[in-house]
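Accompanying notes for the structure given below.
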Amino acid sequence: MTSPRTPSPRKAFGRLSLPERTYVADALRTETVGGILLLVAAITALIWANVPALQDSYESVSDFHFGPEALGLNLSVTHWAADGLLAVFFFVAGVELKRELVAGDLRDPRAAALPVIAALCGMAVPALVYTLTSGIGGGSLAGWAVPTATDIAFALAVLAVIGTSLPSALRAFLLTLAVVDDLFAILIIAVFFTDNLNFLALAGAVVGLAAFWLLLRKGVHGWYVYVPLALVVWGLMYNSGIHATIAGVAMGLMLRCHRREGEEQSPGERVEHLVRPLSSGLAVPLFALFSAGVAISGGALADVFAQPETLGVVLGLVVGKTVGVFGGTWLTTRFTRASLSDDLAWADILAVAVLAGIGFTVSLLIGELAFKDDASMADSVKAAVLVGSLIATVLAAMLLKVRNAKYRKLTEDEERDDDLSGVPDIYEEDDPAYHLRMAEIHERKAAEHRRLAREKTEGHRGLAEVPDGAGEDHDDPA
């Protein structure tokens with residue numbers, strides 16, 4: 001009798017498969033560029049809102065209303081950015097999540113456990129930190145969800161700016177963590193920040209989503225069909241009282257993200273490839289431009305650490321996120337068969353956990369929703385989000401710099417292509433053809449070295465055969 005096979009331990013943060021690595025690299029490249037634009041937009045907003053000569057114009061533009069009043073869509077520029085443009089961002093998040101569930105790491109429950117548990121702990125602990133800090137200080141508990149979000153674009157922009165060659169496995173973990181984070185953030189918005197429901201508008205939105213799903217299943221093509229329908233669904237969702245970004249993530253989850261025979265890309269991957277630059281390069285930076293413009297002064301910054309609500313946000317992002325993500329990762333490896341990759345140390349996981357404390361886009365959105373009836377506190381919470389994100393950025397940069405040489409070596413190993421096949425060598429080590437190609441390359445190099453050796457030997461031998469004094473000039477004076 002043969003004993004049952006024991007599953008082999010799985011390496012956490014191990015090497016990605018080649019298709020997954022290619023997908024992650026493309027996604028992160030776009031997010032990094034978008035993150036840099038996000039940084040520029042945030043800095044522009046702070047300058048625009050704090051330079052005395054420009055303050056009035058910032059407020060005028062932010063409060064400018066436009067849109068059809070009859071449809072309940074006469075909104076300010078700030079609301080269009082938060083409710084309209086962020087729907088595009090959450091549409092991409094929905095497609096990402098669907099792809100991860102059917103074709104990415106989340107399709108394997110064992111592989112999914114690590115980022116999911118890390119994301120859940122990374123949301124629960126910051127919420128607990130905020131609740132304890134604000135509750136003990138006698139502040140409002142309304143902002144408990146503000147520090148729960150991670151901004152992947154901002155985090156990747158930080159990586160691009162400090163020049164850290166973070167291994168693809170850690171980058172993929174950060175991306176997956178943010179995708180799961182976004183899903184739960186949407187659920188928080190839908191459940192906790194929905195006031196009065198308009199059931200007629202909600203029913204219309206549900207019908208629109210059903211039509212969207214049916215058209216996809218029937219194989220109907222054409223942006224001119226889906227874009228107008230998406231706008232109708234978004235408008236109905238906004239008027240229903242549920243945050244309009246829910247429409248975006250719902251439509252993203254409906255797209256088919258698995259490839260059929262003969263397909264190079266699934267419809268979800270194709271649409272995501274088209275829409276992601278719009279989300280990262282336009283929608284999110286414009287949202288930041290009209291959300292990050294808060295008054296920053298010495299007194300305002302001091303108040304961030306003096307008010308229980310704002311202190312709770314800062315501690316939630318800096319301490320809560322770090323403890324939650326790191327603790328969730330450690331618990332997963334401690335109580336499952338997963339173990340840390342041999343190339344990484346727990347210091348690397350700590351650095352990524354600190355980096356996850358950069359909460360910007362969704363944190364600002366939740367801050368606006370949590371304190372929509374208190375404009376002064378909403379601005380203070382925005383300032384706290386900026387301060388907490390800045391502290392997390394500085395700490396993560398310091399931790400990542402310590403191990404940067406190690407990261408560069410890992411990245412070089414991941415990207416080495418000695419046989420010039422276009423595929424990194426680490427993905428071809430089990431392919432006999434790869435070793436035959438490498439053998440030919442080494443044989444050619446060996447032949448070249450043998451030729452050089454013969455030439456050098458013959459040259460030295462020729463010098464040795466020259467008689468003493470031969471070739472010297474012995475002309476004596478007359």
Side-chain angles (χ1 to χ4, degrees), residues 31 34 38 41 67 71-73 75-98 119 123 143 145-146 148-154 178-198 201-202 204-206 208-209 212-213 226-227 229-255 268 271-272 275-276 278-292 359-372 378 382 385:
E31 291 290 355
L38 179 61
L71 298 178
L73 296 175
L75 310 177
S76 67
V77 170
T78 301
H79 273 100
W80 276 113
D83 294 276
L85 292 177
L86 278 194
V88 179
F89 166 79
F90 279 111
F91 171 78
V92 173
V95 178
E96 284 180 338
L97 179 64
K98 179 68 174 291
M123 298 184 81
V146 175
T148 60
T150 293
D151 194 311
I152 183 63
F154 219 134
V179 170
V180 177
D181 194 295
D182 288 339
L183 171 67
F184 286 105
I186 274 291
L187 292 176
I188 287 172
I189 291 171
V191 174
F192 296 99
F193 297 103
T194 297
D195 295 329
N196 299 320
L197 284 176
N198 182 330
L202 180 60
V206 171
L209 288 172
F212 190 88
W213 180 84
Y226 292 102
V227 172
L229 178 58
L231 291 174
V232 171
V233 171
W234 174 85
L236 289 168
M237 190 69 74
Y238 176 83
N239 282 286
S240 72
I242 296 177
H243 202 271
T245 53
I246 304 297
V249 74
M251 287 183 279
L253 287 170
M254 290 182 182
L255 291 178
V271 171
E272 181 190 5
V275 179
R276 185 187 287 276
L278 176 64
S279 169
S280 300
L282 182 66
V284 175
L286 281 178
F287 168 76
L289 181 63
F290 294 107
S291 294
F360 192 78
T361 305
V362 182
S363 289
L364 291 175
L365 174 62
I366 294 177
E368 289 182 354
L369 296 173
F371 297 100
K372 63 181 179 180
K382 288 182 182 180
V385 170

Could you work out, with side chain to side chain contact (heavy atoms under 4.5 Å, CB included) as the rule, every residue matching [X], not counting sequence neighbours?
X    : answer
L85  : A81, A283, L286
A288 : L38, A41, F360
V271 : F91, L255, V275
V191 : none

Flag side-chain contact, heavy atom, 4.5 Å: F90 against V362: yes
Below 4.5 Å, heavy atoms only, C-beta onward: do V233 and F212 meet side chain to side chain? no
Atom pair [atom1]/[atom2] of [X] and [Y] - distance to nearest 0.5 Å:
X    : Y    : atom1 : atom2 : answer
L253 : I186 : CG    : CD1   : 10.0 Å
L365 : F89  : CG    : CZ    : 9.5 Å
I189 : L86  : CD1   : CG    : 8.5 Å
H79  : F290 : NE2   : CZ    : 14.0 Å
M251 : M237 : CE    : CE    : 7.5 Å

If you take all heavy atoms of [X] and [Y], which pair is closest and at what distance?
X    : Y    : answer
S363 : V146 : OG-O, 2.8 Å
D83  : A244 : O-CB, 3.7 Å
A149 : D181 : CA-OD1, 3.3 Å
S279 : P285 : O-CD, 4.0 Å
V249 : G94  : CG2-CA, 3.8 Å
F193 : A370 : CE2-CA, 3.6 Å

Results of ring-ring contact (aromatic ring centres under 6.0 Å, His included) for F371 - residues two or more places apart only: none
Not counting sequence neighbours, which residues clear ring-ring contact (aromatic ring centres under 6.0 Å, His included) with F184? List them please. none
With sequence neighbours excluded, tell me which residues meet salt bridge (charged side-chain N to carboxylate O under 4.0 Å, His left out) with D151. none
What pairs with [X] under side chain to side chain donor-acceptor pair (under 3.5 Å), at least two apart in sequence or on another chain?
X    : answer
S291 : E368
N239 : none
T245 : H243

Worked check of side chain to side chain contact (heavy atoms under 4.5 Å, CB included) between W234 and L73: CA-CA 11 Å; W234 174 85; L73 296 175; 3.9 Å; yes
Side-chain donor or acceptor of T150 paired with backbone N/O of G359 under 3.5 Å: no
Please walk me through it: do T78 and F287 pass side chain to side chain contact (heavy atoms under 4.5 Å, CB included)? CA-CA 7 Å; T78 301; F287 168 76; over 6 Å; no
Run L369 and F192 through side chain to side chain contact (heavy atoms under 4.5 Å, CB included) and show every step you take. CA-CA 10 Å; L369 296 173; F192 296 99; over 6 Å; no
